[in-house]
Structure formats: structure tokens, C-alpha cells
Amino acid sequence: MGIKKYYSNKDNTIVNAFEANLTTRGTGSNMGASDILEAFVIHGQTSASIDAANAEQSRIIIQFPVDSIQADIDNSILPSNTGSIKFHLNLYNAPHGSTTPEDFSLDLNMLSQSWNEGRGLDMDNYSDAGISNWIFASSGDQWTPEGGSFLTGTNTSASLSFETGLENISVDVSEQVYKWLGSTNNYGFLIKFPDSAVSGSDSLYTKKFFGRTSEFYFYRPTLEARWNDTRKDN
């Protein structure tokens, strides 16, 4: 089997969670330079987040260089018959000392807006203001809606299931990549907890993955192309 990995060219974690003062939301914070990506839902940390509409959330946005994939197809490094290639998104669990939810799922959606990565680092107090963040995708361009705008429709999403909460992600995203190789603009993926978890009452804190700047090179996110390059005798 032929395999080629493409490493992400930008990623970020965006939040509407409360800062350390439990009064101000960190919607303007940026974590684009952090080596960790994080997704969570928190209910009832304060009276302002008890009802479902105001739950605290953290979401992941990540993009891969699909233009490099197209170049490799054009140069016969990958098969010209793209239908013979399977693409898998790989993200690797980052161990941490906080609680980890069990028996949950995450939604993966194709983003519909371009965005800036930013250079923020603070994932605890949300003290690094910058763009992208929960409200803005890029300078002067807001997400519509806030928290990341994404496509809907056939083959624009996938569901990721976790039993222990410590699993890695390896999911087939071939249909999504085919869209990017076609006429759909590549803005990357949004990874978030489902609306049912946000509207529920249980907190799901916290799922972390290694990001693209991680010192652990082989745990960085990849988009992996797989194809059958078997050669047989005649």
C-alpha cells in the first residue's frame, strides 16, 4: 500500500469559555501557536452558563495543504484516478492531568470561511488576544455564526466516537477531500461537540490532541493519502 502524509499548515483552538475571573468570556483569545488542540463543553460553572444556550465551549479548527495533494496528483506522485485514493485524518491524543470525558462523540465539519491562525499560546487564562478566535475568523471578518461557520449537506461532515476518551482520531475524510480537490474551497475542518451535548446538562471536559507545533513530530496532525500500489508478476 502506498502512503503519503500531509502535515497541517495551520490549526487553532477557539473558545467562548470564561476567563479565570469567571466573569469575562475569552471569546477574543487566540491559541494558534499552542502545541495542543482542545475541545470541551462545560455546563453550570457559573450562573451565566447553567442554561444550554450559554454553555462554555472549546472547538478545534485545522487546515491541510490540499494544493500540495493536487500537485502530487499532477506530478504522478499520487494516482491520477483520485477515486482510488483514501484520505484519513489523524489526530493523536495528548495526555493531561485534568479529567477526560468518556463515551462521547465529536462532530467534524468542513469550514466555510477562510481564517487566520494567530500566535496566541495561553490555553488556561485566555490572556492572549488575537485572531482567529470565537468571534472573528480573520481581521474584520466574523464567523457566521460565531464559533466557526461550516458547510452542511451531503459528505460535508463526519462523526468521531470515543469510548474511553483517550483514543486517537483516524477517520476517513475522502469525500471531504474530494470536494476540495474539486470546486469547493479548502478552509479546513471544524471539530466540536455535537449540539446535543451543548444543549444537554453534562459537562464534557476535556479532550486534547497534539497540534502542529508539538515537539512530538510523529504526533502532529496529518492528512494521510492511502492507495493500492501493488505490483504483481504476469
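Note that these values count all heavy atoms, side chains included, but never hydrogens, waters or copies made by symmetry.
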A.B. asks: Has E167 got a side-chain atom pairing as donor or acceptor with G165's backbone, closer than 3.5 angstrom?
C.D. replies: yes
A.B. asks: Side chain of D141, backbone of S138: donor and acceptor closer than 3.5 Å?
C.D. replies: no
A.B. asks: Looking at side-chain heavy atoms only, is the closest gap between L37 and K208 below 4.5 Å?
C.D. replies: no
A.B. asks: Donor-acceptor check, side chain of S214 to backbone of G211, threshold 3.5 angstrom: yes or no?
C.D. replies: no
A.B. asks: Is there a side chain to side chain contact (heavy atoms under 4.5 Å, CB included) between K5 and H88? Walk through the geometry before answering.
C.D. replies: CA-CA 9 Å; K5 294 183 179 182; H88 281 73; over 6 Å; no
A.B. asks: Test side chain to side chain contact (heavy atoms under 4.5 Å, CB included) on S105 and L160 and set out the steps.
C.D. replies: CA-CA 5 Å; S105 64; L160 316 171; over 6 Å; no
A.B. asks: Working to the nearest 0.5 Å, report the span between CG of L78 and CZ of R226.
C.D. replies: 14.0 Å
A.B. asks: Side chains of T206 and E38: any donor to acceptor distance under 3.5 Å?
C.D. replies: yes
A.B. asks: Given M123, which partner from the list T13, D35, D128, V15 fulfils the side chain to side chain contact (heavy atoms under 4.5 Å, CB included) test?
C.D. replies: T13
A.B. asks: Please answer: with hydrophobic residues joined when any side-chain heavy atoms are less than 4.5 Å apart, are I169 and L204 in the same cluster?
C.D. replies: yes
A.B. asks: Evaluate the ring pair (Phe, Tyr, Trp, His ring centres under 6.0 Å) criterion for residues W180 and F189: first the C-alpha distance (whole Å), next the side-chain angles of each, then the deciding distance (0.1 Å), finally the verdict.
C.D. replies: CA-CA 11 Å; W180 289 329; F189 292 114; 4.8 Å; yes
A.B. asks: Got a second to check how far M31's CE is from E117's CD, nearest 0.5 Å?
C.D. replies: 12.5 Å
A.B. asks: For residues N9 and P65, report the shortest heavy-atom separation together with the two atoms involved.
C.D. replies: OD1-N, 3.9 Å
A.B. asks: Do K86 and W227 form a cation-pi contact, if we require the NZ or CZ to be under 6.0 Å from the six-membered ring centre and within 45 degrees of the ring's axis?
C.D. replies: no
A.B. asks: Verify the ring-centre separation between Y92 and F209: is it less than 6.0 angstrom?
C.D. replies: no
A.B. asks: With rounding to the nearest 0.5 angstrom, report the OH to CD distance, Y7 to E224.
C.D. replies: 9.5 Å
A.B. asks: Is there a chain of hydrophobic side chains (I, L, V, M, F, W, Y, each step under 4.5 Å between heavy atoms) that links V173 to I69?
C.D. replies: yes
A.B. asks: How far apart are the closest heavy atoms of A20 and N125, and which atoms are they?
C.D. replies: CB-OD1, 3.5 Å
A.B. asks: Would you say the side chains of Y126 and N30 form a donor-acceptor pair under 3.5 Å?
C.D. replies: no
A.B. asks: Measure the shortest side-chain to side-chain distance between N186 and Q63 over non-hydrogen atoms and say whether it is less than 4.5 angstrom.
C.D. replies: yes
A.B. asks: Measuring centre to centre across the rings, with the benzene-like ring taken for any Trp, is Y187 within less than 6.0 Å of W143?
C.D. replies: no
A.B. asks: Taking side chain to side chain donor-acceptor pair (under 3.5 Å) as the test, write out the residues that go with S127, two or more places apart.
C.D. replies: D122
A.B. asks: Enter the distance from K192:NZ to F40:CZ here, rounded to the nearest 0.5 Å.
C.D. replies: 15.0 Å
A.B. asks: Determine, using the 4.5 Å side-chain heavy-atom cutoff (strictly less than), whether I42 and V198 are members of one ILVMFWY cluster.
C.D. replies: no
A.B. asks: Do you know the tightest heavy-atom contact between A33 and T213?
C.D. replies: O-OG1, 3.5 Å
A.B. asks: Just so I know, are the side chains of E102 and F162 near enough to count as touching, which here means a heavy-atom distance under 4.5 Å?
C.D. replies: no
A.B. asks: Give, for atom CD of Q176 and atom CZ of F64, the distance between the pair rounded to the nearest 0.5 Å.
C.D. replies: 12.5 Å
A.B. asks: Side chains of V171 and L91: does their closest heavy-atom pair fall under 4.5 Å?
C.D. replies: no
A.B. asks: Might you point out which heavy atoms bring D11 and S8 nearest each other, and give the distance in Å?
C.D. replies: OD2-OG, 4.1 Å
A.B. asks: For residues L106 and A39, report the shortest heavy-atom separation together with the two atoms involved.
C.D. replies: CD2-CB, 4.3 Å
A.B. asks: With a 4.0 Å cut-off, would you call R220 and E215 a salt bridge?
C.D. replies: no
A.B. asks: Under the side chain to side chain contact (heavy atoms under 4.5 Å, CB included) rule, what do M110 and F150 come out as? Steps first, then yes or no, please.
C.D. replies: CA-CA 5 Å; M110 297 174 67; F150 55 89; 5.9 Å; no
A.B. asks: Please confirm whether the backbone N or O of G118 pairs with a side-chain atom of N116, one donor and one acceptor, at under 3.5 Å?
C.D. replies: no
A.B. asks: Mark yes or no for whether R25, through its side chain, and N16, through its backbone, hold a donor-acceptor pair below 3.5 Å.
C.D. replies: yes
A.B. asks: Only one of N185, N109, T156, L190 forms a side chain to side chain contact (heavy atoms under 4.5 Å, CB included) with L151, so which one is it?
C.D. replies: T156
A.B. asks: Checking the side chain of N21 only, and the main-chain atoms of T24 only, is there a donor and an acceptor separated by less than 3.5 Å?
C.D. replies: yes
A.B. asks: Could you go through the side chain to side chain contact (heavy atoms under 4.5 Å, CB included) check for D107 and I191 one step at a time?
C.D. replies: CA-CA 6 Å; D107 286 345; I191 300 173; over 6 Å; no
A.B. asks: Between T222 and N90, do the side chains contain a donor N or O and an acceptor N or O under 3.5 Å apart?
C.D. replies: yes
A.B. asks: Between OH of Y6 and CG of L223, what distance do you get to the nearest 0.5 Å?
C.D. replies: 8.5 Å
A.B. asks: Can you list the residues that meet the side chain to side chain donor-acceptor pair (under 3.5 Å) rule with D202, with sequence neighbours excluded?
C.D. replies: none
A.B. asks: Verify whether one side chain among S132 and N12 offers a donor that lies under 3.5 Å from an acceptor in the other.
C.D. replies: yes
A.B. asks: Does the side chain of I61 come within less than 4.5 Å of W115's, by heavy atoms?
C.D. replies: yes
A.B. asks: With clusters defined by side-chain heavy atoms of hydrophobic residues (ILVMFWY) lying less than 4.5 Å apart, directly or transitively, does L121 cluster with I60?
C.D. replies: no
A.B. asks: Counting heavy atoms not belonging to D103, are there more than 12 under 6.0 Å from its CG?
C.D. replies: no
A.B. asks: State, yes or no, whether a side-chain contact exists between L108 and L89 at a heavy-atom distance under 4.5 Å.
C.D. replies: yes
A.B. asks: State, to 0.1 Å, how close P101 and K207 come at their nearest heavy-atom pair, and which atoms those are.
C.D. replies: CD-N, 4.3 Å
A.B. asks: Would you indicate whether the side-chain heavy atoms of S98 and Y205 approach each other to under 4.5 Å?
C.D. replies: yes
A.B. asks: Return the set of residues passing ring-ring contact (aromatic ring centres under 6.0 Å, His included) with F210 (not counting sequence neighbours), or none when no residue passes.
C.D. replies: F216, Y219
A.B. asks: Could you tell me whether the side chain of V41 reaches within less than 4.5 Å of the side chain of E56, counting heavy atoms only?
C.D. replies: no
